[in-house]
Each structure stands twice: as C-alpha cells, then as structure tokens.
Amino acid sequence: MTRSLFDETPTPYGAPEAIAPGAVLLRGFACPVADALAQSVKQVIAAAPLRHLVTPGGHTMSVAMCNCGALGWTSCRSGYRYSRTDPLSGQPWPAMPGCFLAIAVRAAAEAGFDNFRPDACLINRYEPGARMSLHQDRDEGDMTAPIVSVSLGLPAVFLFGSGQRSDRPARYRLAHGDVVVWGGPSRLAFHGVAPLADGDHAQLGRQRINLTFRCAG
Ligand code: SIN
Ligand code: FE2
C-alpha cells in the first residue's frame, strides 16, 4: 500500500526500516505511549518553559526548546553546551519522566543498541514554519551511544544525510509516534527538519513535539 504524505492514519508498528548503516526508522513505535509522553511534556514545560535559543552566530532559533534529565543542551552567544541547570531559573532541569526513559531504552534496543541509558532529553517544539537546519549532534560526551528521536503531533519532513554536509540528505516523513535511532557509523550524520507545514493534530494541535535522547555526560 502506498501512503500519501497527507494520510493521517497512524501507521501500525512494523518492521524496523534501515535508513543508513546504524540508523533505523521505527514507524509508530511510540504510538501506544504517545498520550503518556504528551502529558509528561506538559509537566516538564510547566517547570522549564520552552524558549527560543540564540545561536553563537546571533540567530534566534525558530524551534522552541527545553530539557529534562541530568543534563540539558543549551545555546547562547558564547557557544553550545550541556548544562546541569536551566540557565533561565538556575535550577536543575526537571527529572526525566519514567515513560520517556522507558520508550527511549526500548527503541534503542529495537534498533540494536542495548544498554542505552540517556542522561539528557531535549524537547523541541515546532510551530508551523519552524525548521531545523542541517547539523550534527556533536556536543555529547559519549559518541558510542546513539541518538533516539521521538516525534509527536504534526508530521514533519526529516532530512537525514551522511557525515558530510555536502551530501544531499534523504527525506523521511515523520508522523506522531515515529521514532528514529541513529548511532555507530551514522552517529555524526547531518540531519535537520524542513519547515513544518500547518495543520491541526488531533492530540497535539498546531505543533510538532520532538524528543531527542542522548548520552551527554
Ligand atoms: C534535533 O536534531 O534535535 C531534532 C530533530 C527533529 O526534530 O526531528
Ligand atoms: Fe540534532
């Protein structure tokens, strides 16, 4: 069956789809726990509000972010870094909810990465038009651990390339409940998100939430 880009029916969880060496797309893998994840996102952002960070180049990101877990990724004029505290409050980031950790560990194992124990979860909120330009996740302390990315809400076009910025990335539609895991030879693959198309998701409304789990420390 061919699925149209506009088909909103949730994909039943099927076989892991290899998208590159060490990179796997698990369609619908988080669907059974999506409501619990969305509820926990609300609790985390009540304690650590989503904010638009400024890059070292002085550009304000269109994606709003916050973190949970022992370490949180932040950006400011002086650079990118992981921090134990939220620069807005000076307090530790909210603890990683149990349902976050559980789905991340299960997805990593499904993709062939056993013993994944993330200490950081970046929460990205895309409103229509928001995008993330091609980048590598390279601020983490443990490059042997994969990145686990969980998508909720409006569908997005995920761009996934190689370790070279000049290689044209492939495009994948990520819908509510889809999970991507990349590690090993793909750990430093360039990736990004095309501008989010407008829409109204039944559970999440006019937004896409993405959770990326990392071993940062
Ligand atoms: C990221 O690279 O941090 C986010 C990827 C995504 O939103 O799918
Ligand atoms: Fe990333």
Side-chain angles (χ1 to χ4, degrees), residues 17 19-20 22-30 34 37-38 41 44-45 50-53 55-56 59 61-69 71-75 79-83 93 96 100 103-104 107-108 111 118-143 145-165 169-183 186-197 199 201 204 206-216:
E17 204 180 306
I19 62 172
V24 173
L25 170 52
L26 304 168
R27 291 195 197 269
F29 191 79
L37 296 176
V41 168
V44 169
I45 66 181
L50 291 162
R51 78 288 310 256
H52 294 270
L53 298 173
T55 65
H59 166 77
M61 297 179 77
S62 58
V63 177
M65 299 178 172
C66 74
N67 295 276
C68 60
L71 289 165
W73 186 87
T74 61
S75 169
Y80 305 125
R81 67 191 181 97
Y82 279 95
S83 162
W93 296 104
M96 198 182 298
F100 278 31
I103 194 71
D119 54 9
C121 173
L122 173 66
I123 301 178
N124 292 312
R125 196 238 2 243
Y126 298 74
E127 291 182 309
R131 60 188 289 272
M132 195 175 290
S133 52
L134 278 184
H135 66 279
Q136 296 169 298
D137 290 359
R138 54 184 314 154
D139 302 319
E140 296 71 34
D142 181 2
M143 287 291 160
I147 301 287
V148 172
S149 153
V150 177
S151 293
L152 299 169
L154 288 177
V157 175
F158 182 59
L159 313 170
F160 194 82
S162 72
Q164 263 149 302
R165 189 187 285 278
R171 299 162 72 88
Y172 300 92
R173 179 184 188 275
L174 296 185
H176 186 66
D178 289 351
V179 180
V180 186
V181 180
W182 63 96
S186 281
R187 178 59 182 75
L188 287 173
F190 279 90
H191 59 281
V193 177
L196 193 78
H201 187 268
L204 277 286
R206 279 185 86 204
Q207 61 176 345
R208 167 177 187 257
I209 299 280
N210 171 261
L211 312 174
T212 49
F213 296 90
R214 299 100 185 272
C215 290

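Numbering of ligands and ligand atoms starts at 1, following listing order. Computed from a predicted model, the values in this text were never measured in an experiment.
In this structure, R27 pairs ionically with E17, as a charged nitrogen and a carboxylate oxygen lie closer than 4.0 Å. Between E140 and R138, no side-chain nitrogen of the basic residue sits less than 4.0 Å from a carboxylate oxygen of the acidic one, so the salt-bridge criterion is not met.
Between the choices V180, L134, D178, N210, the shortest heavy-atom distance to atom 5 (C) of ligand 1 belongs to N210.
Looking at ligand 1, you won't find any N or O of D137 less than 3.5 Å from one of its N or O atoms. Remark: ligand 1 and S151 share no N or O pair separated by less than 3.5 Å (distance only, no angle test).
Atom numbering of ligand 1 starts at 1 in the shown order; those under 4.0 Å from a heavy atom of H191 are 2 (O). Counting the atoms of ligand 1 from 1 in the order shown, those under 4.0 Å from a heavy atom of R208 are 6 (C), 7 (O), 8 (O).
Note on D137: its N/O/S atom closest to the Fe ion (ligand 2) is OD1.
The closest donor-acceptor contact from the side chain of R214 to the backbone of P118 lies at 3.5 Å or more, if one exists at all.
Looking only at protein heavy atoms, the nearest one to atom 3 (O) of ligand 1 is N124 ND2, 3.3 Å. Of the protein's non-hydrogen atoms, the one nearest atom 7 (O) of ligand 1 is Y126 OH, 2.5 Å. Among all protein heavy atoms, the one lying closest to atom 1 (C) of ligand 1 is M132 SD, 3.5 Å.
For R165 and F190, the positive end is not near the middle of the six-membered ring at less than 6.0 Å and at most 45° from its axis.
The nearest pair of heavy atoms linking L53 to T74 is CD1-CA, 4.1 Å.
Note: F158 and W182 meet the aromatic proximity criterion, with ring centroids under 6.0 Å apart.
Under a 4.0 Å heavy-atom criterion, R214 is in contact with ligand 1.
Looking at D178 and H176, their side chains never bring a donor and an acceptor atom within 3.5 Å of each other.
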